[in-house]
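Report on the following structure.
Everything quoted here is computed from the prediction, not taken from an experiment.
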Amino acid sequence: MSRFWNPMVAGLSPYVPGEQPSEQDLVKLNTNEMPFGPSPRVIEAIHAAASDALRLYSDPESTALKEAYARALGIDPAQVFPGNGSDEVLAHTFRALFNDSAPILYPDITYSFYPVYCSFFGLEAKTVPLTDGFEIDLAQYRQPNGGIIFPNPNAPTGIALPLAGIEALLQDNTDTVVVVDEAYVDFGAESAVSLIDRYPNLLVIQTLSKSRALAGLRVGAAFGDAELIEGLQRVKNSFNSYPLDRLAQAGATAALDDQAWFETRRDEIMANREALTVGLEGLGFEVLPSMANFVFARHPAGEARALQQGLRAEGIVVRHFDKPRTRDFLRITVGTADQCERVVEVLGGLLAA
Ligand SMILES: *Cc1c(COP(=O)(O)O)cnc(C)c1O
């Protein structure tokens, strides 16, 4: 606390990211990164961009990247808003497209950045409980709101909603923006991007951090009606005109153009997720049905915190959320086949002890 702070700073409750431990050789299954590097074409493109051209500002509109997204998703470049990670895109979305006429609605168990943005931008929030089965119940979102946001699949549960349910919500909720945060959609769920032409109040947000193995490049994007995108651009250009540097634009464009790499690695993660689920169930865990690159699992013996600490002592890092409805669960990122086997083996030992 400093007397030089603007008074609002003391009242902030910032997001706390998952640990990035400095020790080498840890099996890092706590922040939903990919266990292998990105497409080699991304590295080549970044090498090529690391030139004297860095003396020049980057393209403020990320034109080539918008076009790559448009090609990859079959949409128009005017329907694309890229940003410095989807977290930044989310921040501009809360600022540009949500309003304070009524509370912002999101699930009680979800991505913990949403409450942070609400309080940062002075928006009232109202959480909508997941069902007893940890599912989002879209019927509960039919109430006055200044905007609606949920991830699909949800985090940290991994459970996906069918597209028909999202479309039914859009048919009822026409006066405020509905944001679908698709950080994990590539691992088996249905994307709502196919609906953006028909619903001018739908914004879909994706990231290259997870399925493209590029968490360190910091690139995400929103997709929606050109007027929603223009609103985001106005906010962005009132804040930082060059959020994506030259290396990020080059690498991200190459990533989106390498569909073959993407499909192979995605399939590998989905196969490892299946093996991890079977392994955990064999130990007596209940594993929620995941469409993401992580699983959310609880054991009848409880003791999730102790299991997390036991794993850590064996060099494996997983995430535990110490909140009433989630404290029995571990969230385990799907790693390589060997890493998934190892986590099951160590958990087996801990439970037997
Ligand atoms: C990881 C994640 C993000 C943020 O991704 P970045 O693009 O790395 O900022 C957004 N939403 C959810 C639900 C996530 O899990």
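Using a 4.0 Å cut-off between a side-chain N of Lys or Arg and a carboxylate O of Asp or Glu, Glu345 and Arg342 qualify as a salt bridge. Between Lys210 and Asp186 no salt bridge is recorded (no basic side-chain N to carboxylate O distance below 4.0 Å). Under a 4.0 Å N-O distance rule, the pair Arg198/Glu167 qualifies as a salt bridge. Salt bridge absent: Asp59 and Arg246 never bring a charged side-chain N and a carboxylate O closer than 4.0 Å. Between Asp172 and Arg142, at least one side-chain nitrogen of the basic residue sits less than 4.0 Å from a carboxylate oxygen of the acidic one, meeting the salt-bridge criterion.
Screening residues 52-94 for ring-ring contact (aromatic ring centres under 6.0 Å, His included) gives Tyr57-Tyr242, Tyr69-Phe223, His92-Phe239, Phe94-Phe98, Phe94-Tyr117 as the qualifying pairs, with residues at least two apart or on separate chains.
Taking the side chain as every heavy atom from C-beta outward, Lys28 and Glu33 approach each other to under 4.5 Å. Using a 4.5 Å cut-off on side-chain heavy atoms (C-beta onward), Arg265 and Pro38 make no contact. For the pair Leu170/Leu195, a side-chain contact is recorded, criterion being any heavy-atom separation below 4.5 Å from C-beta on.
Of the N and O atoms on the side chains of Asn173 and Thr176, at least one donor lies less than 3.5 Å from an acceptor on the other residue.
Residue Val317 is found in a hydrophobic cluster whose other members, listed by chain and number, are Leu26; membership requires side-chain heavy atoms under 4.5 Å apart, directly or through intermediates.
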Original post:
Can you check side-chain hydrogen bond (donor to acceptor under 3.5 Å, both in side chains) on Ser58 and Asp245, steps first, answer last?
Top reply: CA-CA 6 Å; Ser58 56; Asp245 59 64; over 6 Å; no

**OP:** Begin from the C-alpha positions of Thr110 and Phe150 and carry the test side chain to side chain contact (heavy atoms under 4.5 Å, CB included) through to its verdict.
**Re:** CA-CA 7 Å; Thr110 195; Phe150 51 84; 5.5 Å; no

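When hydrophobic clusters are built by joining Ile, Leu, Val, Met, Phe, Trp and Tyr residues whose side-chain heavy atoms come closer than 4.5 Å, directly or via intermediates, Tyr114 is grouped together with Val89.
Geometrically, Arg298 does not engage Phe285 in a cation-pi contact defined by less than 6.0 Å to the ring centre and at most 45° from the axis. For Arg331 and Phe294, the positive end sits near the middle of the six-membered ring, less than 6.0 Å away and at most 45° from its axis.
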